[in-house]
Amino acid sequence: QVQLVESGGGSVQAGGSLRLSCARSGSEYNKCMAWFRQAPGKGREGVAAISSTGVYTYYTDSVKGRFTISRDNAKMTMYLQMNGVQAEDTAMYYCAAATTIYCPAQRWQTAAYDYWGQGTQVTVSS
């Protein structure tokens, strides 16, 4: 059974930084993984995605240049480095895992991912 566990969320002032982690247990780790977020009253949106080896990374426009996705396959952990956070980044952040090596064209759709974590809250104060 695949399990994803996020950590690293918390409260931070605007302009600050946070590093989120997603630890995975179970088989088939080396697949496309992603971070999504969901703000109160809004749908879940894709933030960043990374291919199995980490060679290919993808970002939604609102976080380009501020967030960095990475992974350590030896540790079976994925990360999201968040710099220059803004109030609009406040949300519950979820990690997700697909069953494909390369991230699909529909990488920002929740249906593209088979496994989800429980989420970690990020709150940015101005």
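These values consider heavy atoms only, across backbone and side chains, with no hydrogens, waters or symmetry-generated copies. Everything quoted here is computed from the prediction, not taken from an experiment. Numbers for residues simply follow the sequence, beginning at 1.
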Inset, instruction - Identify whether Y94 and Y58 are in the same connected component of the hydrophobic contact network (ILVMFWY, side-chain heavy atoms under 4.5 Å). - result: no
Inset, instruction - Keeping the roles fixed (side chain from T90, backbone from V124), state whether a donor-acceptor pair exists under 3.5 Å. - result: yes
Inset, instruction - Quick one: pull up CE in M33 and CG in L80 and give me the separation to the nearest 0.5 Å. - result: 12.0 Å
Legend entry - Donor-acceptor contact present, side-chain Q81 to main-chain R19, <3.5 Å: no
Legend entry - Non-hydrogen atoms of Y113 and A98 that approach each other most closely: CD2-N, 3.6 Å
Inset, instruction - State whether the side chain of W108 and the backbone N or O of V47 hold a donor-acceptor pair below 3.5 Å, judged by distance alone. - result: no
Legend entry - Heavy-atom closest pair, residues L4 and C95: CB-SG, 3.6 Å
Inset, instruction - Measure the spacing between OG1 of T120 and CG of L18 and express it to the nearest 0.5 Å. - result: 8.5 Å
Legend entry - Cluster overlap Y93 with Y79, hydrophobic side-chain contacts below 4.5 Å: no
Inset, instruction - Measure centre to centre between the rings of F36 and W116, then say whether the value is under 6.0 Å. - result: yes
Inset, instruction - Check whether any side-chain N or O of D72 sits under 3.5 Å from a backbone N or O of K75 as a donor-acceptor pair, and report yes or no. - result: yes
Inset, instruction - Identify the two heavy atoms, one from Y59 and one from I69, that lie closest to each other, and give their separation to 0.1 Å. - result: OH-N, 2.9 Å
Legend entry - Nearest-0.5 Å distance, OG of residue S11 to CD of residue Q121: 8.0 Å
Legend entry - Distance in Å, K31 NZ paired with C103 SG, rounded so as to fall on 0.5 Å steps: 12.0 Å
Legend entry - Heavy atoms from other residues, nucleotides or ligands near CD of Q118 exceed 12 (cutoff 6.0 Å): no
Inset, instruction - Calculate, to the nearest 0.5 Å, the distance between atoms CG and OG belonging to N73 and S52 respectively. - result: 7.5 Å
Inset, instruction - Verify side-chain contact (heavy atoms from CB on, under 4.5 Å) between V122 and L20, making sure each step is shown before the conclusion. - result: CA-CA 9 Å; V122 173; L20 307 183; 4.0 Å; yes
Legend entry - Short side-chain to backbone donor-acceptor contact, R71 and S51, under 3.5 Å: yes
Inset, instruction - Quick one: pull up OG in S25 and CE in M76 and give me the separation to the nearest 0.5 Å. - result: 6.5 Å
Legend entry - Residues forming a side chain to side chain donor-acceptor pair (under 3.5 Å) with R66, sequence neighbours excluded: D89
Legend entry - Donor-acceptor contact present, side-chain E6 to main-chain G119, <3.5 Å: yes
Legend entry - Backbone of N83 reached by a side-chain donor or acceptor of S17 within 3.5 Å: no
Legend entry - Trace of the side-chain contact (heavy atoms from CB on, under 4.5 Å) decision for Y115 with Q3: CA-CA 7 Å; Y115 306 104; Q3 288 188 325; over 6 Å; no
Inset, instruction - Check step by step if side-chain contact (heavy atoms from CB on, under 4.5 Å) holds for C32 and Y56. - result: CA-CA 10 Å; C32 169; Y56 300 103; over 6 Å; no
Legend entry - Chi angles and distances behind the side-chain contact (heavy atoms from CB on, under 4.5 Å) call for V12, T123: CA-CA 6 Å; V12 61; T123 303; over 6 Å; no
